[in-house]
Asks: 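Here's a structure for you.
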There are 2 protein chains.
Amino acid sequence: MRILVADCTVDYDGRLNAHLPMATRLVMVKADGCVAIHADGGAYKPLNWMNAPNHLVEEDGRWIVTNPKGETLTITFGEVHFETAMDMGEDPGLQKDGVELELQRLLAETPEVMEPGLVLIRREFPTPVGPVDLLCRDADGGSVAVEVKRRGEIDGVEQLTRYLEFLNRDERLAPVRGLFVAQMVKPQARTLAEDRNIGWVEVDYDELRGVDSPMLKLF
Amino acid sequence: MRILVADCTVDYDGRLNAHLPMATRLVMVKADGCVAIHADGGAYKPLNWMNAPNHLVEEDGRWIVTNPKGETLTITFGEVHFETAMDMGEDPGLQKDGVELELQRLLAETPEVMEPGLVLIRREFPTPVGPVDLLCRDADGGSVAVEVKRRGEIDGVEQLTRYLEFLNRDERLAPVRGLFVAQMVKPQARTLAEDRNIGWVEVDYDELRGVDSPMLKLF
DNA sequence: AGTTCCATGTCGCGG
DNA sequence: CCGCGACGTGGAACT
């Protein structure tokens, strides 16, 4: 990794045009070649950047970075206050835990938290337009397609609508109704779901982990 | 801005749990307090971070960063290879040019470039599922809902379809037809639009700026 | 390579 | 402050 702190102007010419006036900034070049220009504030996102793969040409006081799509990033340097470079080796990478899949797993284990009497038939039930998160049967023996999201927004309702369209053509399942499940369902998504006769439920992730815990299995 | 290159492990506990094993990384603390841990690769996104506002506690070889939501980021340091800090001053900020809003503004001023005889009724016309970019009236007095995108893709057609669904229930407007406008409309979006009897038009941004320029207002 | 969908998305605007 | 949608979204999984 190479790090500079320098006065510079920056111009990006690609999907849009952007210009940064002269100021002191941090310029970071990673081992994979990606370039990022950071101001001293404004979250982790750089003001400007160019991802790998790209080609960097160093001229006299100016860098021109070009990517295969023909986008360019031009850095024109004033005073360079500081510069260093170092080898950091390979990174062992990030271990994550607790995203949407986990929520789906928990709900698959305890479908009744979504609706009393609900029983799981299959997870990731395939349709021509992608797999339905959970396919269930309700207390009356009817089929229910469940779409699980961490945050329930309009896209999710659209997705579920597409699944239902196909599932309802399968005479062994039809009629299939939809159930939209998320930690939070946004108002516009509620409106759209209700308008399409799709049910929606909010579930609490922490509570669900509690219900799922070995403790309660004792009872 | 404060910069360290150090061996460290990192743990994030918040919306999810994430762990980084010991390795050499760049730790950046900006003037607004936000913290980012970068590996030597993998685009501009840091492996782990904590945005401002937050509270940083430095213990012996360990930093604990907490934000108001109760999320924590814990950095445990091994060897520190390098450390520096510097004042970079206020950043004058980014100037952008060419985004969707500008395109919408230009089209609102000259609706006839989308279709001869088209007249603007309102920008950002509200519906229960979000505002329609432009609501217009055509040469025959019919209502036209216009969705403007920089790049015309399938989700834009979906969006317009949802608007039309609701607008057509308003008897003062119905029937309302759709018009999908973008600098470039992708083949799949064209197909879907045509399938739903939604019109699509490609407009040239530079040309539009020309039409809109004071120069031509002289004629 | 193209498409779909998630993300600790982030960011900015309007109510 | 919340709601909502755009983003140079980026990135991963899958076709």
Side-chain angles (χ1 to χ4, degrees), chain A residues 10-18 34 36 42-52 54 65 67-73 94 96-104 124 126 128-131 133 147-156 158-159 162 182 184-191, chain B residues 10-19 34-37 42-52 54 65 67-73 93-94 96-104 124 126-133 147-151 153-156 158-159 162 186-189:
Chain A
V10 185
D11 287 277
Y12 164 75
D13 187 0
R15 277 167 280 188
L16 56 73
N17 297 317
C34 74
Y44 70 69
K45 194 176 180 179
L47 292 164
N48 250 318
W49 69 93
M50 183 71 80
N51 283 349
N54 65 48
V65 192
N67 74 5
K69 279 188 264 180
E71 303 175 341
T72 59
L73 187 72
L94 187 64
K96 285 187 187 183
D97 172 38
V99 266
E100 181 187 321
L101 243 124
E102 174 71 359
L103 192 59
Q104 192 198 114
E124 302 287 350
V129 286
D133 287 341
E147 177 64 29
V148 180
K149 286 271 180 267
R150 200 167 50 77
R151 287 184 333 199
E153 294 173 25
I154 274 183
D155 295 9
E158 292 287 13
Q159 205 175 327
R162 288 196 295 271
M184 178 196 292
V185 181
K186 297 211 169 181
Q188 289 197 346
R190 294 178 188 193
T191 306
Chain B
V10 185
D11 287 279
Y12 165 73
D13 187 358
R15 278 165 281 186
L16 55 71
N17 297 316
H19 172 74
C34 74
V35 181
I37 296 106
Y44 69 70
K45 192 175 181 177
L47 292 165
N48 251 318
W49 68 93
M50 181 73 78
N51 283 349
N54 64 48
V65 192
N67 75 6
K69 278 187 264 180
E71 304 175 341
T72 59
L73 187 72
L94 188 63
K96 282 188 187 181
D97 174 37
V99 266
E100 179 186 323
L101 223 93
E102 175 71 1
L103 193 59
Q104 192 197 112
E124 302 285 349
T127 81
V129 287
V132 182
D133 287 340
E147 177 64 30
V148 180
K149 286 274 180 261
R150 199 168 47 78
R151 286 182 329 199
E153 294 173 23
I154 273 185
D155 56 344
E158 293 284 15
Q159 203 176 329
R162 288 195 298 271
K186 294 209 170 179
Q188 289 196 345

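Below, chain A is the first sequence line, B the second, and so on; all start at residue 1. Hydrogens, waters and symmetry mates play no part in the numbers below; they use all other heavy atoms, side chains included.
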Asks: Measure the CD-CG distance between Glu158(A) and Asp155(B) for me, rounded to the nearest 0.5 Å.
Replies: 10.0 Å
Asks: Using atom CD of Glu158(B) as one end and atom P of dA6(D) as the other, report the distance to the nearest whole Å.
Replies: 14 Å
Asks: What pairs with Arg151(A) under side-chain hydrogen bond (donor to acceptor under 3.5 Å, both in side chains), at least two apart in sequence or on another chain?
Replies: Glu153(A)
Asks: Applying side-chain hydrogen bond (donor to acceptor under 3.5 Å, both in side chains), name anything that partners Lys45(A), two or more places apart in sequence or on another chain.
Replies: none
Asks: Over how many whole Å does the gap from Leu94(B) atom CG to dC11(C) atom P extend?
Replies: 12 Å
Asks: Mind calculating the distance between CD (Gln104(B)) and C1' (dC13(C)) to the nearest angstrom?
Replies: 13 Å
Asks: How close or far is atom C1' of dT8(C) from atom NZ of Lys96(A), stated in whole angstroms?
Replies: 7 Å
Asks: Measure from CG on Asn17(B) to P on dA7(C) and round the result to the nearest Å.
Replies: 14 Å
Asks: Would you please name every residue forming a side-chain hydrogen bond (donor to acceptor under 3.5 Å, both in side chains) with Asp11(B), sequence neighbours left out?
Replies: His19(B)
Asks: Roughly how many Å apart are dG11(D) and dC11(C), using the P atom of each and rounding to a whole number?
Replies: 15 Å
Asks: Got a sec, which residues hit salt bridge (charged side-chain N to carboxylate O under 4.0 Å, His left out) with Glu71(A), two or more places apart in sequence or on another chain?
Replies: Arg15(A)
Asks: Ignoring hydrogens, what is the shortest heavy-atom contact between Asn17(A) and Asp13(A)? Give both atom names and the distance.
Replies: OD1-OD1, 2.6 Å
Asks: Work out which heavy atom in Tyr12(B) is nearest to a heavy atom in Leu73(B); give both atom names and the distance.
Replies: CB-CD1, 3.9 Å
Asks: In terms of the nearest nucleotide of DNA chain C, which residue is placed more toward the 5' end: Leu47(B) or Arg162(A)?
Replies: Arg162(A)
Asks: Using whole Å, report how far CG of Asp155(B) lies from C1' of dG2(C).
Replies: 15 Å
Asks: Give the minimum heavy-atom separation between Asn48(A) and Ala18(A), together with the two atoms involved.
Replies: ND2-CB, 4.5 Å
Asks: For a quick test of reading the model, state the closest non-hydrogen atom pair linking Val148(B) to Asp133(B) and the distance between them.
Replies: N-OD2, 2.7 Å
Asks: Suppose you measure atom P in dT8(C) against the same atom in dC4(D); what distance do you get, rounded to whole Å?
Replies: 22 Å
Asks: Using the C1' atom in both, what is the distance from dA7(C) to dA6(D), to the nearest Å?
Replies: 15 Å
Asks: Any chance you could list the contact pattern along nucleotides 10-15 of chain D? Use B for base contacts, S for sugar-phosphate-only contacts and - for none, protein heavy atoms under 4.0 Å, 5' to 3'.
Replies: SS----
Asks: Output one line per pair: protein atom, nucleotide atom from nucleotides 1-5 of chain D, and distance, for all N/O pairs under 3.5 Å.
Replies:
{"residue": "dG5(D)", "atom": "OP1", "partner": "Gln188(A)", "partner atom": "OE1", "Å": "2.6"}
{"residue": "dG5(D)", "atom": "OP1", "partner": "Val129(B)", "partner atom": "O", "Å": "3.4"}
{"residue": "dG5(D)", "atom": "OP2", "partner": "Gln188(A)", "partner atom": "OE1", "Å": "3.2"}

Asks: Using whole Å, what does the distance between atom C1' of nucleotide dT9(D) and atom OH of Tyr12(A) come to?
Replies: 11 Å
Asks: Measure from CG on Leu103(A) to P on dT8(C) and round the result to the nearest Å.
Replies: 15 Å
